[in-house]
**Student:** 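Dropping a structure here in structure tokens format, bear with me for questions.
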Amino acid sequence: MIDAQLLRAAPEVVEASQRARGADEGLVARAAEADAERREAIADFERLRAEQNAFGKRVAVASKEEKPALLAQVKQLAADVRQASERSAVVEARAEELLRAIPNIVLADVPAGGEDDYVVLREVGERPAFDFEPRDHLELGELLGAIDMARGAKVSGARFSYLRGVGARLEIGLMQLALTRALDAGLVPLITPTLVKPEIMAGTGFLGEHADAVYRVESEDLYLTGTSEVALAGYHADEILDLADGPLRYAGWSTCYRLEAGSAGKDTRGIIRTHQFDKLEMFSYVDPAQAEAEHARMLAMQEAMMTDLGLAYRVIDTAAGDLGSSAARKYDVEAWVPTQGRYRELTSTSNCTTYQARRLAIRHRAEGGRTAPVATLNGTLATTRWIVAILETHQQEDGSVVVPEVLRPHLGGLDVLEPIR
RNA sequence: GGAGACGUCGCAUAGUCCGGUCGAGUGCACCACCCUGCUAAGGUGGAGAACCCGUUCAGGGUUCCGUGGGUUCAAAUCCCACCGUCUCCGCCA
């Protein structure tokens, strides 16, 4: 949620942000109006309530004989208080609803426009060249006995898979590599719940435009999370953090569940886009002044993983219209996928500035001892989809795959994955 | 799943039976100042969160005693529902 203060003081900033996103500009004026109405209603109620409280003190010390007369007098006041209280509750709920509907203010130099208006910041690494016809990740996965889509579909339906043998080991090795690096960088590992309450899901902004991608467990009124970001953001909800010693940094390891309702027909082959996968996610709570530096730090960690895994990649600065509602800026790292002849997103890192924190009531002590919302940032450090780029990039003519050196210690020293027959 | 106990301001507790002078006492921790050669001890004062009005660095007000309802002129206190914690019993891939 954005700062209501900003809505009053500089609505043009909010409107500019909406414009860059291609979102509804009129929402700004409607929210500002509702906010004014809300404040008026609150003032009204509080004046009446103060009067009633003062009266209550008189009743308390009145003698038995005086009481009936006083009580008769205050009846009308009590009714007025009740009415004003109900009105202010209604108006307040409406104002908050509109305020929450406004997505985060995008940072000033984020490219405007939609999905295709990203800016490529850099391309790194050499795209692999083959003197044979490269196989795609699923073909390789089947040769290696690593990926089984057919049985995934038999047991759970489309977009479910089994990772078996070296596939399962690759996944775990990848997570372990990422975890090791997270620990080296001082992050605290967390294995997070994957079922969360509605208010946590809403607080992180995933019930907005992403609502159709979310699994809901109706019998319990809980949501399955599509990323551990949700539980990581909720971890410190309603708390006042001590950031005097620097940011609070976490690495969340969890299975992720996504409905992929909007992607019918897209990426149906293999494990590029499945309903269930694993991810190691970085998450930081920082002083808002340090948010951009933290964002750069996360991106650097992601790029180091790409480089060390021998993947060719590029970094894009996502356009405003393609940002989630919580993000003020997002960088994606995309790896080259040889058989697709294009870059595919492997990681994403978002600076949510104070947006999530305000929704989830996560504050710290700012100057003068005042509380102020923190900034939150998140970024992928490893995920199942990486297996696609690793298999395809490091494949050999016979269908074997060379294991990147950094992964070998996490695969019991295995250096080449061999076809099973 | 069943039975019982509990949920108060950072922590620990008082207050709840018998509604008002309780937004709330005490201890510890915390901050400032005083005292002491230093430390410890001691003294005085301060200190929660959210929001509204006002100020620009004065203040005033409202709300918050697990959450949400209800009763009442008035609820930490009475009633209802829910959530959570603990104990015992049952069940368990």
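Below, chain A is the first sequence line, B the second, and so on; all start at residue 1.
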**Student:** Considering Watson-Crick and G-U wobble pairs with both distances under 3.5 Å, what does B:U55 pair with?
**Tutor:**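 Paired with no nucleotide.
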**Student:** Which base, if any, makes a Watson-Crick or G-U wobble pair with B:C18, both distances under 3.5 Å?
**Tutor:**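 The answer is none; no pair meets the criterion.
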**Student:** Using Watson-Crick or G-U wobble geometry with both distances below 3.5 Å, tell me the partner of B:C31, or none.
**Tutor:**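 When the pairing criteria are applied, B:G45 turns out to be the nucleotide that pairs with B:C31.
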**Student:** In whole angstrom, give me the gap between the C1' atoms of B:A29 and B:G46.
**Tutor:**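 About 15 Å, rounded to a whole number of Å.
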**Student:** Rounded to whole Å, please give me the gap between NZ in A:Lys197 and C1' in B:C83.
**Tutor:**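 In whole Å, B:C83 C1' and A:Lys197 NZ are 7 Å from each other.
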**Student:** Quick one: A:Arg47 CZ to B:U63 P, roughly how many Å, whole number?
**Tutor:**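 Distance, rounded to whole Å: 14 Å.
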**Student:** Please give the nucleotide sitting opposite B:U71 as a Watson-Crick or G-U wobble pair, both distances under 3.5 Å, or none.
**Tutor:**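 B:U71 is paired with nothing.
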**Student:** Report the relative orientation of the aromatic rings in A:His236 and A:Tyr250; use parallel for angles under 30°, tilted for 30 to 60°, perpendicular for over 60°.
**Tutor:**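 Tilted, since the angle between the ring planes falls between 30° and 60°.
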**Student:** Do the side chains of A:Pro111 and A:Asp317 get nearer than 4.5 Å, heavy atoms only?
**Tutor:**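 Side-chain contact under 4.5 Å: yes.
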**Student:** Are any protein N/O atoms closer than 3.5 Å to N/O atoms in nucleotides 70-79 of chain B? If there are, list each pair with its distance.
**Tutor:**
residue : atom : partner : partner atom : Å
B:C73   : OP1  : A:Lys75 : NZ           : 2.8

**Student:** Between A:Arg159 and A:Glu260, does any NZ, NE, NH1 or NH2 come within less than 4.0 Å of an OD or OE carboxylate oxygen?
**Tutor:**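 No, no charged N to carboxylate O under 4.0 Å.
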**Student:** Within a reach of under 6.0 Å around CD of A:Glu115, are more than 12 heavy atoms found that belong to other residues, nucleotides or ligands?
**Tutor:**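 Check fails, neighbour count at 12 or below.
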**Student:** Quick test of your reading: applying side chain to side chain donor-acceptor pair (under 3.5 Å), list the pairs with at least one residue in residues 84-98 of chain A, sequence neighbours left out, ordered by first then second residue.
**Tutor:**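 The answer is A:Glu96-A:Arg100.
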**Student:** Between B:G10 and B:A50, how far is it from one P atom to the other, in whole Å?
**Tutor:**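 Roughly 13 Å separates the two P atoms.
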**Student:** Is any side-chain heavy atom of A:Leu381 closer than 4.5 Å to a side-chain heavy atom of A:Thr347?
**Tutor:**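 No - every pair of side-chain heavy atoms lies 4.5 Å or more apart.
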**Student:** Which nucleotide, if any, forms a Watson-Crick or G-U wobble pair with B:G4, using both distances under 3.5 Å?
**Tutor:**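 Result: B:C86.
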**Student:** Rounding to the closest angstrom, what is the interatomic distance between B:C22 and B:C80 at atom C1'?
**Tutor:**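 Per the computed distance, 25 Å lies between those C1' atoms.
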**Student:** Give me the distance, rounded to whole Å, that separates B:C82 from B:U26 when you measure between the P atoms they each carry.
**Tutor:**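 After rounding to an integer number of Å, I get 38 Å for this pair.
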**Student:** Quick one: A:Asp238 CG to B:G66 P, roughly how many Å, whole number?
**Tutor:**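 Result: 15 Å.
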**Student:** What interatomic distance, in whole Å, is found between C1' of B:U62 and the corresponding atom of B:G23?
**Tutor:**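 Looking at atom C1' only, B:G23 and B:U62 are 12 Å apart.
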**Student:** Do other residues, nucleotides or ligands put more than 12 heavy atoms under 6.0 Å from the CD atom of A:Gln83?
**Tutor:**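 No, CD of A:Gln83 has 12 or fewer neighbouring heavy atoms, counting only those of other groups under 6.0 Å.
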**Student:** Is the gap between the ring centers of A:Tyr162 and A:Phe160 under 6.0 Å?
**Tutor:**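 No, too far apart.
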**Student:** One thing to verify: whether A:Arg19 and A:Glu25 come together as a salt bridge, which I'm taking to mean a side-chain N less than 4.0 angstrom from a carboxylate O.
**Tutor:**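 Here A:Glu25 pairs with A:Arg19 in a salt bridge, since their nearest N and O are under 4.0 Å apart.
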**Student:** Can you pull every protein N or O that's under 3.5 Å from an N or O on nucleotides 49-53 of chain B?
**Tutor:**
residue : atom : partner  : partner atom : Å
B:A49   : OP1  : A:Arg365 : NH1          : 2.8
B:A49   : OP1  : A:Arg365 : NH2          : 3.4
B:A49   : O3'  : A:Arg363 : NH2          : 3.3
B:A49   : O2'  : A:Arg363 : NH2          : 3.4
B:A50   : OP1  : A:Thr371 : OG1          : 2.3
B:C51   : O3'  : A:Arg38  : NH2          : 2.9
B:C52   : OP1  : A:Arg8   : NH2          : 3.4
B:C52   : OP1  : A:Arg38  : NH2          : 3.1
B:C53   : OP1  : A:Arg39  : NE           : 3.1

**Student:** Determine the Euclidean distance between corresponding P atoms of B:A76 and B:G20; express it in Å to zero decimal places.
**Tutor:**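 Pairwise P distance, B:G20 against B:A76, rounds to 10 Å.
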